[in-house]
Every structure is written in structure tokens, then in C-alpha cells.
Amino acid sequence: GENVEQHPSTLSVQEGDSAVIKCTYSDSASNYFPWYKQELGKGPQLIIDIRSNVGEKKDQRIAVTLNKTAKHFSLHITETQPEDSAVYFCAATRSGYSTLTFGKGTMLLVSP
Amino acid sequence: DAGITQSPRHKVTETGTPVTLRCHQTENHRYMYWYRQDPGHGLRLIHYSYGVKDTDKGEVSDGYSVSRSKTEDFLLTLESATSSQTSVYFCAISGEGADTEAFFGQGTRLTVV
């Protein structure tokens with residue numbers, strides 16, 4: 001089955017800096033890669049996703065890049081703000097599958 | 001927010017007692033999932049359902065059972081709770097499978113003493 005590794009497990013940055021979280025996956029057939037953000041006391045929420053037919057996707061201050069050859073994808077957050085502080089999860093699956101495989105999560109702390 | 005409600009939100013129970021957690025959705029989504037979240041382990045899938053009375057096991061299904069008799073309700077049962085099942089449990093729903101957006105509930109914090 002699929003295995004997703006996520007690094008780092010914790011990340012501390014100053015407000016205004018950029019943050020990068022990296023994930024690798026094992027199943028070369030995986031073609032859907034979402035990122036979820038979990039704020040304290042809440043359930044995870046989708047913030048951005050990418051499919052294998054594109055290499056990069058942006059939405060305002062967040063972007064995701066995908067390298068299919070190396071089987072890794074990354075979340076980039078620019079101009080970080082304190083409200084970006086949360087746990088971020090990457091995940092992977094393939095079309096037609098019923099389940100997602102999640103990474104173990106990254107706790108991002110943005111200090112004012 | 002997607003219409004998904006978990007109950008109870010908090011529960012303390014004793015070892016050996018049965019416990020049932022409920023997930024209720026108003027979105028008419030086909031897929032429903034139960035995850036547990038523990039420090040250092042992220043989100044791990046317990047069981048999932050792809051339709052009424054259609055369920056399957058996830059990676060950490062031992063000690064858990066599920067039932068889905070209606071589209072809107074997905075129940076997770078711990079037949080005989082153990083301390084290792086102390087965790088935060090999340091229900092999630094999605095319309096067309098894993099490669100579409102999943103919506104999560106607020107979670108249930110279960111403590112087994």
C-alpha cells in the first residue's frame with residue numbers, strides 16, 4: 001500500500017518568513033495529493049490539492065509543487081502570519097480509490 | 001461548513017465498557033470515514049463506508065466495529081474499551097471517493113480509564 005512520509009514534524013518561523021513542508025510517497029500510481037490544515041480543537045480542512053497532471057498550483061500565499069519522478073510534493077507558505085499556526089497534513093491516493101494515506105503531520109508555529 | 005456532526009464531543013469511560021460514537025451528515029455524501037488521531041501518528045484510518053451497509057477496514061481496525069444503516073449515519077463501536085483506545089476520533093465524509101475533498105467533523109475526545 002501507499003506510504004507517506006512528512007517532514008519536518010515541527011517548524012517554527014517568524015511572521016513574514018516562508019515555510020516549506022515536504023512529503024514523499026511510495027506508490028508511483030498515486031495521482032492526487034491534498035493538503036489539510038488543522039487548527040487547535042478543530043477537524044482538518046482542505047487548503048489546497050494537486051493532481052499529477054500539473055507540477056505546481058498556487059492559491060494566494062500558498063502553493064504546492066509536485067515532482068512525480070522523485071515522488072515528492074511540497075507545501076509552500078509565503079509571508080506567514082500568526083493565523084497560519086496549525087498542524088498541516090499531506091496525503092496521497094489514486095483515482096478510484098476509497099481511502100487517503102496521510103503523513104504524520106507538521107506543527108507550524110508562526111511567531112509575531 | 002459541511003453538515004457533519006459528531007456525538008458525543010467528549011467522553012470518559014471505563015476499561016471494558018462498550019462505547020459508541022456517532023457521525024451524522026446532512027450532505028448525502030456516499031463515503032464516510034472514521035479516523036483516530038494520536039500524537040506522533042497523525043490520522044489513521046479505522047474503518048470506512050462506501051454506501052449503506054457497505055463498510056471496510058482501515059489500517060487500525062482491531063477492537064472497533066462500524067455500522068451504516070442509513071446514508072446519514074455512521075457509527076463506530078468499541079466493543080470493550082481499552083486504555084490504548086484513548087484518542088481523538090474524527091469522522092470525515094466525501095462525495096466521490098478519496099480523490100475528492102474530504103470534510104471532517106469536530107472530533108470526539110475519548111478517554112478510557
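Per chain, numbering begins at 1; letters A, B, ... match sequence-line order.
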Is [X] linked to [Y] within one hydrophobic cluster, defined over Ile, Leu, Val, Met, Phe, Trp and Tyr using a side-chain heavy-atom separation of less than 4.5 Å?
| X | Y | answer |
| --- | --- | --- |
| B/M32 | B/L76 | yes |
| A/M107 | B/F90 | yes |
| A/Y97 | B/Y31 | no |
| A/I21 | A/V87 | no |
| A/Y25 | A/L46 | no |

Q: Could you tell me which of A/G96, A/P44, A/G105 has the largest number of non-hydrogen atom pairs under 4.5 Å with chain B?
A: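 Of the options given, most contacts go to A/P44.
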Q | Any donor-acceptor N/O pair, A/Y36 side chain to B/A102 backbone, under 3.5 Å | A |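 Checking the backbone N and O of B/A102 against the side chain of A/Y36, a donor-acceptor pair under 3.5 Å is found.
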Q | Donor-acceptor pair, side chain of B/Y33 and main chain of A/S98, under 3.5 angstrom | A |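 Checking the backbone N and O of A/S98 against the side chain of B/Y33, a donor-acceptor pair under 3.5 Å is found.
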Q) Of the non-hydrogen atoms in B/D99 and A/Y32, which two are nearest, and what is the gap between them? A)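 Scanning both residues completely, I find the closest heavy atoms to be CA-CD2, 3.3 Å.
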Are more than 12 heavy atoms from other residues, nucleotides or ligands located less than 6.0 Å from atom [atom1] of [X]?
| X | atom1 | answer |
| --- | --- | --- |
| A/E79 | CD | no |
| B/E96 | CD | no |
| A/E83 | CD | yes |

(Q) How long is the straight-line distance from CG of A/L100 back to OH of B/Y48, given to the nearest 0.5 Å? (A)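 Taking OH in B/Y48 and CG in A/L100, the distance rounds to 11.5 Å.
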Q) From A/T99 OG1 over to B/Y50 OH, what is the distance, rounded to the nearest 0.5 angstrom? A)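 Between A/T99 OG1 and B/Y50 OH, I get 12.0 Å after rounding to 0.5 Å.
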Q.
Using side-chain heavy atoms (C-beta onward) and a distance below 4.5 Å, is B/E101 in contact with A/D49?
A.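 B/E101 vs A/D49: side chains apart.
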**Q.** Proximity breakdown for A/S9 and chain B, heavy-atom pairs closer than 4.5 Å
**A.**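 Neither part, no heavy atoms under 4.5 Å.
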Q. Chain B heavy atoms under 4.5 Å from A/Q38: which part of the residue, side chain, backbone, both or neither?
A.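 For A/Q38, the contact with chain B is made by the side chain alone.
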**Q.** Leading residue by heavy atom contact count with chain A [cutoff under 4.5 Å; candidates B/R109, B/Q37, B/E59]
**A.**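 Option with the top pair count is B/Q37.
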(Q) Under 4.5 Å from any heavy atom of chain A, what part of B/L43 do you find: side chain, backbone, both or neither? (A)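 For B/L43, the contact with chain A is made by backbone and side chain together.
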